[in-house]
Student: 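Take a look at the following structure, please.
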Amino acid sequence: MEKLLEMAKKVFDKAEVYSVEYTNNSVAFENAKLHDIDSKFQSGISLRIIKDGKLGFAYTRNLINREELVQNALDSLKGGVEANYDFPLTKELPQLDKYDSSLEALSSKEMVEECARVCDYLKSKTDGEIEMTSLTSIDQIRIINSEGTDVSSKGTIYSGFGGVMYPGSSTGIWRVFRSKKFEKISDDVVKEMIDLYRLSSKVVEPKGGKMKVMFMPNSMITLNWRVFSGTSSKSIYEKTSPIADKLEEKIFDKKITIYDDPLKDKYPGARAFDDEGVACKPLTLVENGVLKNFYYDLNYANKLNAKTTGHGYRTTQWGGDPITLKPVPALTHMSIKSGNKSFSEMIKSIGRGIILEGTLGAHSGNIPNGDYSVGVSPGLYVENGEIIGRVKDAMVAGNIYETLKHTVDVSDTLYPCFGGWMPAILFDDVSVATKK
Amino acid sequence: MFEKLQGILKKVDADYGDVRYEIKKDTVITFNGKELTQIGSNSTDGYVIRALKDGGMASVVFTKEGDAEKSVSTVVENAQLIAKNIEKPVRLAEVEIVKDTFIPALKENPRKVSMVEKLELVRKYNDIPLGYEKIVTTSISYQEIIREKYFISTEGTEIREDLVTTRLFGEIISKDGNLVQNVRVRAGGSNGFSTVRNQEKNFEERTAIALDLLKAKPVEGGVYNCILNPNMAGVFTHEAFGHFSEADIIETLPSMREKMKMGNKLGNNVLNIVDNATLPDQLGFYRYDDEGVKVRPTQLMKNGVLTGRMHSRRTASEFGESISGHCIAEDYRYAPIIRMGTIFIEPGVHSFEELITMLGDGLYILDAKGGQTAGENFSFGAQYGYVVKNGKVSEMVRDINISGNLYKTLNDITVVGNDLSLSKVGGCGKRQMNIRSCSGAPHILVNNLVIGGA
């Protein structure tokens, strides 16, 4: 890496070498039986260079031919991608507790045993079809640049998901788990899955219309993606954010506080620096319903005459292969501040409504505008504070800039879910279309 | 290269093993609005080993040659661990042993078109929407992905195949006041750079739709009879039906297997669905899948009756059905899984005009915008649509998302048009991305679709 940087520095004004190494193991159970074990050992190197205000970019898996990598970066300079910024000099970083060596020693056998334990229990308590996947991930990132930055980190994540599906539907009650080291899935989580599954096994056909809808953590990605879009410096620069001119204005209900905290190492995947080597810090996007900040990477901060907030990540909406992607502004550690009601108290306050356990099509529709329109997958129907069954073929639709104004309550706990740690949020006046 | 792979394969102490090595060459050019934001060509590579031992099957991916030994022992250990923990051993369906090199013929090899020429072409297309005041920005990319694949197995199969994909895709974004609308633009294919040339008219048409959407009203939620255009009907076929014809999706779901039994009548009599990746010059075209099986046309539904299924060697054996050659990986970072190639509803006899007259009152829905399924339920968005009144297409509507139940909808497809069209750009995200996923249909008439409106 150092040799590559030295070589690049001779040719270019500024250079950055990003390297990553990761090991993943996954164990998958289908219909409560072991089905797959897959392992991956991957690494790669990515080079960003700046010369005369233009950006060059190149990457490879194996640093066999340094000259070729530098040449590829040089070739890409000719396109004329503007880069009027400097790479950062990052010296001091907060120390994060994000690595647990015990995960390196965790065997596939132990993962299989834990999945089997949970699957067997769920199978004995329900008539559903059981699926479960558990994954380990050990990653090492190092970034060095021509300003003198040399930052690195190593982290471990044990994660996965398990679900009980209604027979013949491939939809059901899912829960996500995530930790820095191997942990057994708690009995409370398993019990909640069983209870919700049992309460919702009957199919009901209520009338549609405006009603209360509770977005469960697994459904929050629907709202999150629209928040990502609206508060991104890229959207501000491209004039596609409907809230570009609304800083310090109230855009959501006062119960809504949205923040991004990469330093919170209680959760796995914490980051002390982003993928551009900029030190991370917490950022409040919305405080008590008032829009406070947008998030920036080096590139868009420069274009908008602002400072980076340390949100340059090599990712896309769908994740992706970091070495092949240039950093873009991304909210990777977003969360919503918890409220003061428990999940069960919130259900009791629903006269008529839907608990949106999961969604179909969170990625479709007009995301920049904040519109969403999702199939329920599943949607638990509530009347007079009790779950009485589940709805099929229903859609929940709206615009987040309306829906989040009608917040009734935010749950008192954050749950791991697809996309981070989120509360459940109950909204009023949300449109639900059903076949009746 | 094959010799090097044999060196790895012979260390795999298993009943069956295969190694796939790939060199992947990516070229990308991206404009966001007027600005060029990415350009470059790069090459990466890596290996996938699969092993079947004592009835357990596992896979490993590695990118450093030095990790080969560790990978070989890991995959064999994991296969044995699976074997110890399953009741029914995994078996692979018998296949023909193949030694072949297949380098597809291209109409203009993209490797021979200079970066400067590619850049100017994309810039020219991107400038078309940007010439309009209410188009605030665009996101237009050219991508060229070349997979140079080497596959060997312990059975003696040895295949060298190239997959060359060119794609031009992105979004045109219009804005009026606080209202933002976006429309997708797509071109590309599997047979060379010519698939992205002469797209000016395509960009003009998509720009006009993005501008018209600023004046369109949101659709009212409810239940409608609808005509779906070929793109929308193709995405429905892929999302709602096609995934259940992938054997690995239903393999371990007993109730789903029951519903998807061969001979079951699932759809309207008018419905014939096939997956045919052997069709030349289409996006979904290939010769061998990523376990060395030659792909064959697979009739999935005939007159509404289930007649076939897409398989890997593992599922073909499990189901006791014919192999089909549908086990495909995104690239060297993944073991293959079952994927559709070119899936479509076969054309009927009615013209589009006849369909509109038959519809009478309802919606005409065009061009999919994301789709997803969970079991029998599906949901996907449309980029735009029109209200149809008394057999006439009238005002444009926006914010259309449809959801429904697969089995009900298959029966509610009452008329199939005669104007088959197949997609040019793919992107199916079933655990891995399949950019060659190709789908299509003629215009179809569907009754009773749930439309979610705001």
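So that the names make sense, note that chain A is the first sequence line, chain B the second, and so on, each numbered from 1.
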Student: Given heavy-atom pairs under 4.5 angstrom as the criterion, report whether the side chain, backbone, both or neither of A:Glu402 touches chain B.
Tutor: neither

Student: Kindly give the heavy-atom pair with the smallest separation between B:Ser59 and A:Asp38, and that separation in Å.
Tutor: OG-OD1, 2.6 Å

Student: Measure distances from B:Arg50 to the heavy atoms of chain A and classify the residue's part below 4.5 Å as side chain, backbone, both or neither.
Tutor: neither

Student: Give, as side chain, backbone, both or neither, the part of B:Ile249 having an atom under 4.5 angstrom from any heavy atom of chain A.
Tutor: neither

Student: Does any backbone or side-chain atom of B:Phe31 lie under 4.5 Å from a heavy atom of chain A? Answer side chain, backbone, both or neither.
Tutor: neither

Student: How close do B:Asn182 and A:Pro368 get, counting heavy atoms only, and between which atoms?
Tutor: ND2-CD, 4.0 Å

Student: For the residue pair A:Leu34 and B:Ile82, what are the closest heavy atoms and their distance?
Tutor: CD2-CA, 3.6 Å

Student: For A:Tyr237, is it the side chain, the backbone, both, or neither that has a heavy atom closer than 4.5 Å to a heavy atom of chain B?
Tutor: side chain

Student: What part of A:Asn24 gets closer than 4.5 Å to chain B, counting heavy atoms only: side chain, backbone, both or neither?
Tutor: neither

Student: Check for me whether B:Lys70 meets the cation-pi criterion with A:Phe41, that is, NZ or CZ under 6.0 Å from the six-membered ring centre and within 45 degrees of the ring axis.
Tutor: yes

Student: Closer than 4.0 angstrom, basic N to acidic O: yes or no for B:Arg314 and A:Asp36?
Tutor: yes

Student: Side chain, backbone, both or neither: which part of A:Lys109 has a heavy atom under 4.5 Å from chain B?
Tutor: both

Student: Counting only non-hydrogen atoms closer than 4.5 Å, does A:Glu21 touch chain B with its backbone (N, CA, C, O), its side chain (CB onward), both, or neither?
Tutor: side chain

Student: Against chain A, label B:Gln181 side chain, backbone, both or neither, depending on which of its atoms sit under 4.5 Å from a heavy atom there.
Tutor: both

Student: Is A:Ala394 in contact with chain B via its backbone, its side chain, both, or neither, using a 4.5 Å heavy-atom distance?
Tutor: backbone

Student: Examine whether an atom of A:Asp75 lies under 4.5 Å from a heavy atom of chain B, and if so say whether it belongs to the side chain, the backbone or both; otherwise answer neither.
Tutor: neither

Student: Where on A:Lys78 is there a heavy atom nearer than 4.5 Å to chain B: the side chain, the backbone, both, or neither?
Tutor: neither

Student: Quick check on A:Ala362 against chain B: is it the side chain, the backbone, both or neither that has a heavy atom closer than 4.5 Å?
Tutor: backbone

Student: Side chain, backbone, both or neither: which part of A:Ser377 has a non-hydrogen atom closer than 4.5 Å to chain B?
Tutor: side chain

Student: Which pair of heavy atoms, one from B:Leu81 and one from A:Ile37, lies closest together, and at what distance?
Tutor: CD2-CD1, 3.7 Å

Student: Where is the tightest heavy-atom contact between B:Asn401 and A:Ser373, given as atom of each residue plus distance?
Tutor: ND2-CB, 2.9 Å

Student: Got a salt bridge between A:Glu238 and B:Lys175, using NZ or NE/NH1/NH2 to carboxylate O under 4.0 Å?
Tutor: no

Student: Can you see whether B:Asn78 engages A:Ser39 through a side-chain donor-acceptor pair at a distance of less than 3.5 angstrom?
Tutor: yes

Student: Any chance you could measure B:Thr252, atom OG1, to A:Glu129, atom CD, to the nearest 0.5 Å?
Tutor: 8.0 Å

Student: For A:Ser241, is it the side chain, the backbone, both, or neither that has a heavy atom closer than 4.5 Å to a heavy atom of chain B?
Tutor: backbone

Student: Side chain, backbone, both or neither: which part of A:Lys303 has a non-hydrogen atom closer than 4.5 Å to chain B?
Tutor: side chain

Student: Can you tell me which portion of A:Thr23 sits under 4.5 Å from chain B's heavy atoms? Options are side chain, backbone, both or neither.
Tutor: neither

Student: To check you understand the geometry: which heavy-atom pair defines the closest contact between B:Asp45 and A:Arg61, and what is its length?
Tutor: O-CG, 3.3 Å

